[in-house]
Amino acid sequence: MVQLFEVEKFEEGRQSSKGNQLKWKSGHRWYKADYAGYEGLAEYVTSRLMVFSTLDKRSYIAYDTEEIQYRDTKYRGCVSDDFLPQGWQMITLERLFHSFRGESLYRQIYQFAETEDRLRFLVEETQRMTGLRDFGVYVSRLLTLDALFLNEDRHMHNIAVLLDEMGNFHECPVFDNGAALLSDTTMDYPPSADVDSCMKRVRAKTLCPDFDEQLDTAEKLYGKQIRFSFEKNDLKRILSEEAYYPEEMKERVIYILTMQMRKYRYLW
C-alpha cells in the first residue's frame with residue numbers, strides 16, 4: 001500500500017465521459033484510484049496482455065495494481081511510470097485540433113456521415129499538423145485493442161501525440177484503458193447484471209458506437225496491425241499474481257476475455 005498526500009494530487013483540466021478519477025504524481029510515478037469499479041484491474045490486465053502481442057514494449061504503458069491510502073480512505077487503483085522525457089508534452093488530439101484550427105475535432109469528424117470518411121479525415125489531418133507518418137497504422141492498433149478489450153472511453157482526449165522540446169511530434173504510447181472489460185460496476189455494468197447482455201450493449205466512442213465497424217474500417221484503410229499470442233492460462237496466471245482485487249471481479253474478466261478471444265480469433 002502507498003500513502004499519498006494532497007500536494008501530490010493532480011487536478012486534470014479534462015474529464016472522461018465516465019467522470020474523473022483521483023490522480024496523483026509522486027516522484028516519477030502516476031497513481032490512479034478506481035472511480036466506478038475496477039479500472040485499476042482493467043489497466044493492469046490489458047497492459048500485461050499487450051506483452052503477448054506484436055506491439056513494441058515502448059508503444060504502450062505498463063500498469064501495476066496498487067492499494068492507495070489518501071486522507072482517511074483506502075482505494076484500489078493502479079500505478080505507472082511517468083513516460084514523458086524532460087521537457088516533452090503530451091497533447092490530446094482534441095487540444096491539437098483546437099490549437100491548429102480553433103474548433104472541436106469531434107465537430108469536424110461528425111460532419112462526415114460515414115465512418116471511413118471520419119477515420120480518413122482524422123488520420124490525414126493529424127499527419128498534416130504533426131508531420132507524423134503512418135498515423136493510420138497507429139490508430140488501427142488503438143481500435144484493435146479497443147475492440148478486443150471493449151474499451152468504451154477512447155474519445156479524442158484519450159488519443160494523443162507527444163511534442164518534444166525541439167518542436168517535433170512523436171507517437172504517444174497507448175494509455176488509459178481503465179474503461180475496458182466492463183470495469184464500470186457502479187453505473188452501467190453492475191455485478192448482478194448478465195455479462196453477455198452487458199457485452200452486447202457496450203459502445204465505442206471514437207468514430208461510431210460500433211467496435212466492429214471501427215475495426216473493420218481501420219483494417220480496410222490501414223491493414224491488420226496487431227497479432228496476439230496469449231491464451232486462457234496466461235490470463236489466469238496474470239490474474240493470480242494480482243494482490244488486491246476480489247476473485248469475483250477476476251472471474252468476470254476471465255469470462256469477458258475468453259469470449260473476446262473466440263470472437264477475434266483471426267488476430268491470433
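Note that these values count all heavy atoms, side chains included, but never hydrogens, waters or copies made by symmetry.
- The distance from the CE atom of Met259 to the OH atom of Tyr264 is 12.0 Å, given to the nearest 0.5 Å.
- Proximity of Phe228 to Leu49: side-chain heavy atoms (C-beta onward) are nowhere separated by under 4.5 Å.
- Ion pair Lys236/Glu247 not flagged as a salt bridge, since none of the NZ, NE, NH1 or NH2 atoms sits closer than 4.0 Å to an Asp/Glu carboxylate oxygen.
- Judged by the 6.0 Å and 45° rule, Arg76 forms a cation-pi pair with Tyr245.
- Glu219 contributes no side-chain N or O that, together with a main-chain N or O of Ser140, makes up a donor-acceptor pair within less than 3.5 Å.
- Leu163 and Met166 fall into different hydrophobic clusters, where Ile, Leu, Val, Met, Phe, Trp and Tyr side chains are chained together by heavy-atom contacts under 4.5 Å.
- For the residue pair Thr115 / Glu213, a side-chain donor-acceptor distance below 3.5 Å is found, with atom types taken as modelled.
- Two residues are said to be in side-chain contact when any heavy atoms from C-beta on lie closer than 4.5 Å; Phe83 and Asp81 fail this criterion.
- Residues Ala179 and Asn151 approach most closely at CB-OD1, 3.7 Å, considering heavy atoms.
- Side-chain atoms of Tyr138 come within 3.5 Å of backbone atoms of Cys172 as a donor-acceptor pair (strictly under, hydrogens ignored).
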Worked verdict on Asp216 versus Asp210 for side chain to side chain contact (heavy atoms under 4.5 Å, CB included): CA-CA 10 Å; Asp216 290 345; Asp210 191 297; over 6 Å; no
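- Salt bridge Arg48/Asp64: present, at least one basic N to carboxylate O contact under 4.0 Å.
- In this model, no donor atom of one side chain and acceptor atom of the other lie less than 3.5 Å apart for Tyr189 and Asp194.
- A donor atom on one side chain and an acceptor atom on the other are not found under 3.5 Å apart for Thr217 and Glu116.
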Phe112 vs Leu122, side chain to side chain contact (heavy atoms under 4.5 Å, CB included): CA-CA, chis, key distance, verdict: CA-CA 11 Å; Phe112 300 96; Leu122 171 68; over 6 Å; no
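- No side-chain donor-acceptor contact under 3.5 Å links Glu66 to the backbone of Cys78.
- Checked by atom type and distance alone, the side chain of Arg252 pairs as donor or acceptor with a backbone atom of Leu182 at under 3.5 Å.
- Minimum interatomic distance between Ala62 and Ser80 (heavy atoms only, all atoms of both residues): O-CB, 3.5 Å.
- The closest side-chain donor-acceptor pair between Ser104 and Glu94 falls under 3.5 angstrom.
- Proximity of the aromatic rings of Trp24 and Tyr31 is defined here by a centroid distance below 6.0 angstrom, and this criterion is not met.
- For the residue pair Asp196 / Tyr255, a side-chain donor-acceptor distance below 3.5 Å is found, with atom types taken as modelled.
- A distance-only check finds a donor-acceptor pair linking the side chain of Asn158 to the backbone of Asp153 [under 3.5 Å].
- With hydrogens and angles disregarded, a donor-acceptor distance shorter than 3.5 Å links the side chain of Glu242 to the backbone of Tyr244.
- Side chain of Ser59 to backbone of Leu55: no donor-acceptor contact under 3.5 angstrom is found.
- Residues Leu145 and Val137 are members of separate hydrophobic clusters, defined by side-chain heavy-atom contacts under 4.5 angstrom among Ile, Leu, Val, Met, Phe, Trp and Tyr.
- For the pair Gln89 and Arg95, the tightest heavy-atom approach, listed with the atom from each and the gap, is OE1-NH2, 3.3 Å.
- Here the closest non-hydrogen pair linking Tyr106 and Thr206 is CE2-O, 3.9 Å.
- Side chain of Asp164 to main chain of Asn168: a donor-acceptor pair is present (N/O by atom type, distance under 3.5 Å, no hydrogens or angles).
- The number of heavy-atom neighbours closer than 6.0 Å to CZ of Arg265, taken from other residues, nucleotides and ligands shown, is above 12.
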Side chain to side chain donor-acceptor pair (under 3.5 Å) between Glu39 and Ser183, worked out: CA-CA 6 Å; Glu39 295 97 326; Ser183 66; 5.2 Å; no
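- A salt bridge is defined here as a Lys NZ or Arg NE, NH1 or NH2 lying under 4.0 Å from an Asp or Glu carboxylate O, and Glu241 with Arg237 meets this definition.
- No donor-acceptor pair under 3.5 Å is formed between the side chain of Gln214 and the backbone N or O of Ala147.
- The closest donor-acceptor contact from the side chain of Trp268 to the backbone of Phe230 lies under 3.5 Å.
- With a 4.5 Å cut-off on side-chain heavy atoms, Tyr63 and Val79 do not count as touching.
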Test side chain to side chain contact (heavy atoms under 4.5 Å, CB included) applied to Phe149 and Asn177, step by step: CA-CA 8 Å; Phe149 296 127; Asn177 293 288; 5.6 Å; no
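- Around atom CZ of Arg201, more than 12 heavy atoms belonging to other residues, nucleotides or ligands sit under 6.0 Å away.
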Derivation of the side chain to side chain contact (heavy atoms under 4.5 Å, CB included) call for Met156 and Ile109: CA-CA 11 Å; Met156 295 306 163; Ile109 282 178; 3.4 Å; yes
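- Between Lys25 and Asp82, at least one side-chain nitrogen of the basic residue sits less than 4.0 Å from a carboxylate oxygen of the acidic one, meeting the salt-bridge criterion.
- A salt bridge (Lys or Arg N to Asp or Glu O under 4.0 Å) with Asp176 holds for exactly one of Lys23, Arg154, Lys32; it is Lys32.
- Arg101 and Gln108 share a donor-acceptor pair across their side chains, judged by distance under 3.5 Å alone.
- In terms of heavy atoms, Gln127 sits closest to Leu132 at CG-O, 3.2 Å.
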